[in-house]
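In what follows, a structure is listed as structure tokens, so that the remarks can point back to it.
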Amino acid sequence: MGKEDFLQQIENSTEFKLLDKVVKEEATPQDAVQEIINMTMTALSIHGPSEQMGVGLADYNVSLAVMELTQRLEQSKHTKMVEFICYLHKQFAVDPSTNEPLTVHGATLWTDMPSFGYTELETWYEFGGEYKDPCDPALNSEERERWVNFNAFLAQLTQAAYTDRTPPKKEVPFNPLDRSLRAIWCMTMAFENELLVDTAAMESACYWFIYAAERLWANVVHSCSYPEEYGAGPGKRYKGKDWTGYTQERWGIWEDALKEARAKCQDERMGKLMDDALASLRTGMVNE
């Protein structure tokens, strides 16, 4: 299936049309979640716990719809999608015939968000749609905008996932809504390799600070780390470091690199974004 056909399939899904109504404020996030629950239970009654035709299909379509919509939407319109995901995540689906949790790929609906993880990872690695380098200043403007929007959404979702301010453990615990690892990947691109000021990587890093500085700083305070295979190690400029996650030294390098980029920036829009990112970075350190 080609890209355009796949996109058309997403847009034609009931789940996409439902979430589009949420974005347009024609339906509330809570109403949309209830509709998803109803659709899933109807599919269960017709197809049983089939991952291809039943409960798994609805879960997959919801994830694809969220990925596509959040890449299209400017950051200020992500609030409803974040609210929807957070509310859906709190739901717990049970098969009434067995009284057992409904699962997809071994993960529980909807607390584990079964399809969200791998669809989100694939979307992040598409870098806006064509797998081009987000550190390339010549990245297609539409792809750049989509990838930046997506990172802004993930940052807002990551911050919202911990409104209770529960301190994390040293090794970041699994939470399907916490995408703090993507922040590290983005910061590594923007600050730990060649410092290129006007890029999708730099712009996305700024939005991570703007929307999730408190969450990221909490990770620093608790020295949150990841297993080696997660790819949270240093970039090329710091390959001698033994970082596997968040450290105060690394945070300081990010802050200094952002200041350096701001000093070099000639673009008014990017300069304002960097100023906002630096302000949020400092505020996040104070508020945590």
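Nothing here was measured: the structure is a model prediction, and the numbers come from that model.
The main-chain N or O of G271 is found under 3.5 Å from a side-chain atom of R262 such that the two form a donor-acceptor pair. A donor-acceptor distance shorter than 3.5 angstrom exists from the side chain of S45 to the backbone of T42, with no hydrogens or angles considered. Under the 3.5 Å distance criterion, the side-chain polar atoms of N149 are matched with a main-chain donor or acceptor of Q71. A donor-acceptor pair under 3.5 Å links the side-chain atoms of N193 to the main chain of T188, judged by distance alone. Of the possible donor and acceptor atoms, none in the side chain of D20 sits under 3.5 Å from a partner among the backbone N and O of F16.
No side-chain donor-acceptor contact under 3.5 Å links Q75 and Q156. Between the side chains of D5 and Q9, not a single donor N or O lies within less than 3.5 Å of an accepting N or O. A side-chain donor from one of D59 and S115 sits under 3.5 Å from a side-chain acceptor of the other.
Q266 CD: 12 or fewer foreign heavy atoms inside a 6.0 Å radius. Atom OH of Y230 sits in a sparse spot, with 12 or fewer heavy atoms from other residues, nucleotides or ligands closer than 6.0 Å. Within a 6.0 Å radius of CD in Q91, other residues, nucleotides and ligands contribute more than 12 heavy atoms.
The side chain to side chain contact (heavy atoms under 4.5 Å, CB included) test with W110 is passed by exactly one of I85, V33, T40: T40. When each of R250, K241, K239, R237 is paired with E192, the salt bridge (Lys or Arg N to Asp or Glu O under 4.0 Å) condition holds for R250 and for no other.
Under the side chain to side chain donor-acceptor pair (under 3.5 Å) criterion, T28 pairs with D31, sequence neighbours left out.
When the side chains of ILVMFWY residues are joined at heavy-atom separations under 4.5 Å, either directly or via intervening members, W243 and L195 end up in two distinct hydrophobic clusters. Linking Ile, Leu, Val, Met, Phe, Trp and Tyr residues whenever their side-chain heavy atoms come within less than 4.5 Å leaves F116 and F92 in two separate clusters. Grouping the Ile, Leu, Val, Met, Phe, Trp and Tyr side chains by contacts below 4.5 angstrom, directly or via other members, places W147 with V197. Neither I253 nor Y246 shares a network with the other; the hydrophobic side chains, linked directly or stepwise wherever heavy atoms of I, L, V, M, F, W or Y lie under 4.5 Å apart, form separate groups for each.
Ring planes of F127 and Y125: perpendicular class, angle over 60° (limits at 30 and 60°).
We find that R269 and E203 are joined by a salt bridge, their nearest charged nitrogen and carboxylate oxygen being less than 4.0 Å apart. With respect to the salt-bridge test (charged N to carboxylate O, under 4.0 angstrom), the residues E194 and K236 do not qualify.
The nearest pair of heavy atoms linking L181 to Y226 is N-OH, 3.2 Å.
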If you apply the rule side-chain contact (heavy atoms from CB on, under 4.5 Å), what do you find for T70 with L154, and how did you get there? CA-CA 9 Å; T70 52; L154 294 179; over 6 Å; no

